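Nothing here was measured: the structure is a model prediction, and the numbers come from that model.
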Amino acid sequence: MNFIYTAIVIVLCVWAISISLNRIADSISQDTYRAQALKQFMEYRTHSSTLEFILIGSEAEIIKSSEDIVNNEGWIMSYSLTCYARNAHGEYFMFVSNYEDKPFCKHISHANAKLILEHKYREPI
């Protein structure tokens, strides 16, 4: 009887270890999320008939950025990167990437940019 319990415990331990190792192999590091989000930013381009309101990520200057990370016992459950960027015409944009879906981008008024960026804000050209 003791042998059966020992065998069951060993099987359960092996099973738990294999599940843990699979989860570790499937987990994505914070650096991977950040790299993908920055890649999305660099490849992003808005369309507008007015040149001042076009954001080309590879040509924009990131003024401020922040990451929002939700994790559970070390596992990243949700990740988003928010970048406040300035284009060559001095217009500001907020870009949000959550790694999995299409990114969100919005033009920001100078009044709002001044509030958000504080001392990093620069007047339009």
Side-chain angles (χ1 to χ4, degrees):
M1 189 71 130
N2 222 0
F3 174 75
I4 294 173
Y5 288 127
T6 303
I8 290 172
V9 169
I10 290 172
V11 168
L12 289 175
C13 287
V14 169
W15 176 74
I17 290 170
S18 69
I19 287 176
S20 296
L21 291 175
N22 285 338
R23 285 186 69 185
I24 290 170
D26 291 342
S27 70
I28 299 173
S29 73
Q30 183 176 338
D31 292 337
T32 302
Y33 281 105
R34 183 182 302 117
Q36 179 63 28
L38 287 172
K39 181 179 181 226
Q40 279 185 336
F41 177 80
M42 296 303 282
E43 294 174 351
Y44 196 81
R45 181 186 178 107
T46 59
H47 301 283
S48 174
S49 57
T50 308
L51 290 177
E52 289 83 13
F53 298 113
I54 294 177
L55 175 69
I56 301 171
S58 61
E59 297 175 7
E61 175 187 6
I62 297 175
I63 307 298
K64 180 179 177 180
S65 66
S66 63
E67 296 173 301
D68 291 314
I69 302 165
V70 176
N71 63 46
N72 182 10
E73 297 179 10
W75 301 100
I76 296 176
M77 308 303 285
S78 172
Y79 175 90
S80 71
L81 174 70
T82 302
C83 296
Y84 295 95
R86 185 172 190 255
N87 70 7
H89 297 281
E91 294 297 320
Y92 290 92
F93 296 83
M94 178 181 72
F95 176 90
V96 181
S97 169
N98 70 356
Y99 183 81
E100 296 171 341
D101 295 327
K102 183 178 176 184
F104 170 80
C105 186
K106 179 181 177 182
H107 178 262
I108 300 174
S109 70
H110 283 275
N112 286 337
K114 197 172 202 177
L115 290 172
I116 294 166
L117 301 173
E118 300 169 338
H119 68 279
K120 294 180 179 181
Y121 172 80
R122 293 194 317 249
E123 294 290 333
I125 299 171

Practice task
Without swapping roles, check the side chain of Asn87 against the backbone of Glu52 for a donor-acceptor pair under 3.5 Å.
Solution key: yes

Problem - Minimum-distance pair of heavy atoms, taken over all atoms of Arg45 and Ile56 - result: NH1-CD1, 3.1 Å

Exercise for the section: Treat each ILVMFWY residue as a node, draw an edge where side-chain heavy atoms are under 4.5 Å apart, and state whether Tyr92 and Ile62 are in one component. Expected result: no

Problem - Validation row: Arg86, Lys64 side chains within 4.5 angstrom (heavy atoms) - result: no

Problem - Exercise: do Glu67 and Tyr79 side chains pair donor with acceptor under 3.5 Å - result: yes

Exercise for the section: To the nearest 0.5 angstrom, please state how far the NZ atom of Lys114 sits from the CZ atom of Arg122. Expected result: 14.0 Å

Exercise for the section: Any chance you could measure Asn72, atom CG, to Met77, atom CE, to the nearest 0.5 Å? Expected result: 5.5 Å

Practice task
Hey, could you give me the CD/SG distance between Gln40 and Cys105, rounded to the nearest 0.5 Å?
Solution key: 11.5 Å

Practice task
Give the ring-plane orientation class for Phe53 versus His107, where under 30° counts as parallel, over 60° as perpendicular and anything between as tilted.
Solution key: perpendicular

Exercise for the section: Output the distance between atom OG (Ser97) and atom CG (Leu38), rounded to the nearest 0.5 Å. Expected result: 8.5 Å

Fill in the blank from the handout: Tightest non-hydrogen contact, residues His110 and Pro124, listed as CE1-CG, 3.6 Å

Problem - Linked, directly or transitively: Phe41 and Leu117 (ILVMFWY side chains, under 4.5 Å) - result: no

Practice task
For the residue pair Pro103 and Phe95, establish whether any side-chain heavy-atom pair is separated by less than 4.5 Å.
Solution key: yes

Handout entry: Contact summary for Tyr84 and Ile108, nearest pair of heavy atoms
Key = CD2-CD1, 3.5 Å

Problem - His89 versus Leu51, closest heavy-atom pair with distance - result: CD2-O, 3.5 Å

Handout entry: Main-chain N/O of Leu55 paired to Thr46 side chain as donor or acceptor, under 3.5 Å
Key = yes

Fill in the blank from the handout: The reported gap from CD1 in Ile116 to OG in Ser109 (rounded to nearest 0.5 angstrom) is 8.0 Å

Handout entry: Contact summary for Ser48 and Ile54, nearest pair of heavy atoms
Key = O-CD1, 3.5 Å

Practice task
Can you see which heavy atom on Leu81 is nearest to which on Ser65, and at what distance?
Solution key: CD1-CB, 4.3 Å

Problem - Heavy-atom side-chain proximity of Lys39 to Gln36 below 4.5 angstrom - result: yes

Exercise for the section: Side-chain contact test, heavy atoms from C-beta onward, threshold under 4.5 Å: evaluate it for Phe104 versus Lys102 and give yes or no. Expected result: no

